[in-house]
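Side chains are part of it too, since the values below use all heavy atoms of this structure and drop only hydrogens, waters and symmetry mates. Just so you know, ligand 1 is whichever comes first in the structure, and atom 1 is the first atom listed for that ligand.
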Amino acid sequence: MILQIIVYIIIFYLAHNTIKKYRKIHPNEVPGPTPIPILGNLHQLISKKPHVDLTNMSKKYGPLTRIWLADLYTVIISDPNLIREVYVDNFDNFMNRPKIPSIEQSTDFHGTISSSDNDWKRNREIVSVALRKTNIKHIYQLLDYQVDVLIESMKSIEKAGEAFDPRYYLTRFTMSAMYKLIYNKDVPKDEDINNGEIKDLMKPLQQIFIDSGKGSIFDVLEIGRPFYKLYLKYINKNFIKMLDYSRGKFKEHLKDYNPEVQRDLLDILIKEYGHENEDDILWVLSTVTGLFLAGVDTSSTGLEIMLLLLINYPEIQEKAYQEIKSVMKDRSKVLLSDRQSMPFVVAVLKESIRYLPISPFGLPRTTRNDMVIGGKFIPRDSQILINYHALSVNEEYWENPSEFNPLRFLKSDSNPAYIPFSIGNRNCVGANFANDEMFLALSNMILNFKFKSIDGKPIDETQCYGLSLKPNPFKIILESRT
Ligand code: HEM
């Protein structure tokens, strides 16, 4: 009898799941590949490069492509005008993030990255104001110090005749910058970020990236959700570990907290949200955790890509060096105020992350109501993703997109397909900070060193799929320019 009931439930579930995916929802629905029950189109995305697979699909189905990620109806956008229509013109309908279990389990949808509606608006305002240079000016000045530490480490590696590991040192740099911004504390110069005190933050952060890069089918498979939530609560506690780390820093901060003096971003958040009510504290901790998640790996991946490309294109490396040298004259350090005088270096930065985009899909959004975009019907509760790879290879917007050519950004400063930080009111809140830290690190590295590959051959430009699109790990040779 019990067996019979189970069989009926399974048959009912399969029938329901199949009808849901096959029924026509609108005469102008978004086209996409045929799904299968339960998995939807997931089986078509199991190659190592789903962003490239989806770019190929968009050539077949158009700039709006529908795929089923198991039970989640997802629309991939690959045209800048449609992205504008969605993210700017119809912002209110597309402002929120989908409610996936791994986020619910950790922050209960608190914090900048995952909150919605008015809660998000309030938080976003607080974080945007806090990140304005004038509010934590001294922290921005201290970005210079983080660059000094980076260059110092590179100099000692070069002197010792060792190979330089860009991933480790650039992550150390972006992590230290974020740490300073949030906690007003320096990561000690000689601390190994994978083993020192900061490992309690680094390890779960890295694990979340590994897990999210693989993607969990249970985030998108409705029937598995209850078990998945238990797994996240009792077994995979990486988000919780990150929150716990922030809670420790939060308690330390409260010991000498003075609402009149804002030492760092954490103080600003404590002042805005308070420190007594557990829900308010969760807002503070989730916001901080979100900034580490969004702001460390992205910028370090960008810098890693830039170093790789400078090695593969030595004439561009030389041209950038000559530009910096001509501005520096006898000075030994590039400052943010030099940026305007270094258009070629800025063009190298932009072209690097155009040519090899940092993020495959940015962060997902969801639809509040049914809506027609570009003549196609998008149902409410759909997930929306931008395909950054498709944008970067779009021949309508880029001449010879497969060519690495910074000069394209000198000819014309703006291109609607160059939106690495997304657009509209919910674009990347850390875009200025990221551009500042990447510019400072890049220009000072070029000023101090010539970079070469270990075997004199070009480095593999293949990007490995994950939350960010990293190249395969590589080491490089540094030659001092000073
Ligand atoms: C090169 C580095 C970076 C890239 C390419 C990047 C890109 C993005 C993208 C594409 C989004 C999604 C926006 C959307 O939904 O439309 C985003 C969101 C976000 N980024 Fe960045 N980001 C970078 C660095 C940073 C840094 C350094 C910080 C922190 C200082 C940061 C903090 C955030 C936050 C908090 C969000 C969520 C914004 C919200 O939901 O309101 N990002 N970023």
Keeping the roles fixed (side chain from Lys333, backbone from Asp144), state whether a donor-acceptor pair exists under 3.5 Å. yes
Run through Phe409, Tyr355, Tyr388 and flag the one making a ring pair (Phe, Tyr, Trp, His ring centres under 6.0 Å) with Tyr418. Phe409
Indicate, as side chain, backbone, both or neither, the part of Tyr388 found under 4.0 angstrom from ligand 1 when only non-hydrogen atoms are considered. side chain
Asn427 N/O under 3.5 Å from ligand 1 N/O: no
Any donor-acceptor pair under 3.5 Å linking the side chain of Thr367 with the backbone of Asp381? yes
Atom 21 (Fe) of ligand 1: the protein heavy-atom neighbour that sits closest, reported with distance to 0.1 Å: Cys428 SG, 2.3 Å
Which of the ligand 1 atoms, numbered from 1, are nearer than 4.0 Å to a heavy atom of Gly295: 25 (C), 26 (C), 27 (C), 28 (C)
Identity and separation of the nearest protein heavy atom to atom 33 (C) of ligand 1: Ala294 CB, 3.4 Å
Sub-3.5 Å donor-acceptor pair from the side chain of Asp267 to the main-chain atoms of Arg263, do we have one? yes
Just jot down the ligand 1 atoms closer than 4.0 angstrom to any heavy atom of Met438, in number order. 1 (C)
Can you tell me if Gln146 and Asp186 form a side-chain donor-acceptor pair at under 3.5 Å? yes
protein heavy-atom neighbour closest to atom 14 (C) of ligand 1 works out as Arg426 O, 3.1 Å
Considering the heavy atoms of Ser422, write down every atom of ligand 1 situated less than 4.0 Å from one of them. 13 (C), 14 (C), 16 (O)
Are Thr287 and Asn123 close enough that a side-chain donor and a side-chain acceptor fall under 3.5 Å? yes
Separation of Ser443 OG from Asn448 CG (nearest 0.5 Å): 9.5 Å
N/O to N/O below 3.5 Å, does that happen between Thr298 and ligand 1? no
Which is closest to atom 35 (C) of ligand 1 by heavy-atom distance: Val429, Asn435, Thr174? Val429
For the backbone of Met95 and the side chain of Arg426, can you confirm whether one donor and one acceptor N or O come within less than 3.5 Å of each other? yes
With atoms numbered from 1 as shown, which atoms in ligand 1 lie under 4.0 angstrom from a non-hydrogen atom of Ala434? 2 (C), 24 (C), 27 (C)
Test of proximity, Tyr87 against ligand 1: N or O pairs below 3.5 Å: no
Closest to atom 7 (C) of ligand 1 among Pro420, Gly290, Gly362 (heavy-atom distance): Pro420
Identity and separation of the nearest protein heavy atom to atom 6 (C) of ligand 1: Phe421 CD2, 3.7 Å
Counting each atom of ligand 1 from 1 as listed, which ones have a heavy atom of Leu291 under 4.0 Å away? 29 (C), 35 (C)
So with a 6.0 Å cut-off around NZ of Lys203, is the heavy-atom count from everything else above 12? yes
Below 4.0 Å from any atom of ligand 1, is there a heavy atom belonging to Ser359? no
Ring centroid separation for Tyr87 and Phe94, is it under 6.0 angstrom? no
What distance do Asn41 atom CG and Arg66 atom CZ have between them, rounded to the nearest 0.5 Å? 5.5 Å
Quick one: look at Ile358 and ligand 1, take heavy-atom pairs under 4.0 Å, and tell me if it's side chain, backbone, both or neither. side chain
Minimum non-hydrogen distance to atom 40 (O) of ligand 1, winning option of Arg124, Arg97, Met178: Arg97
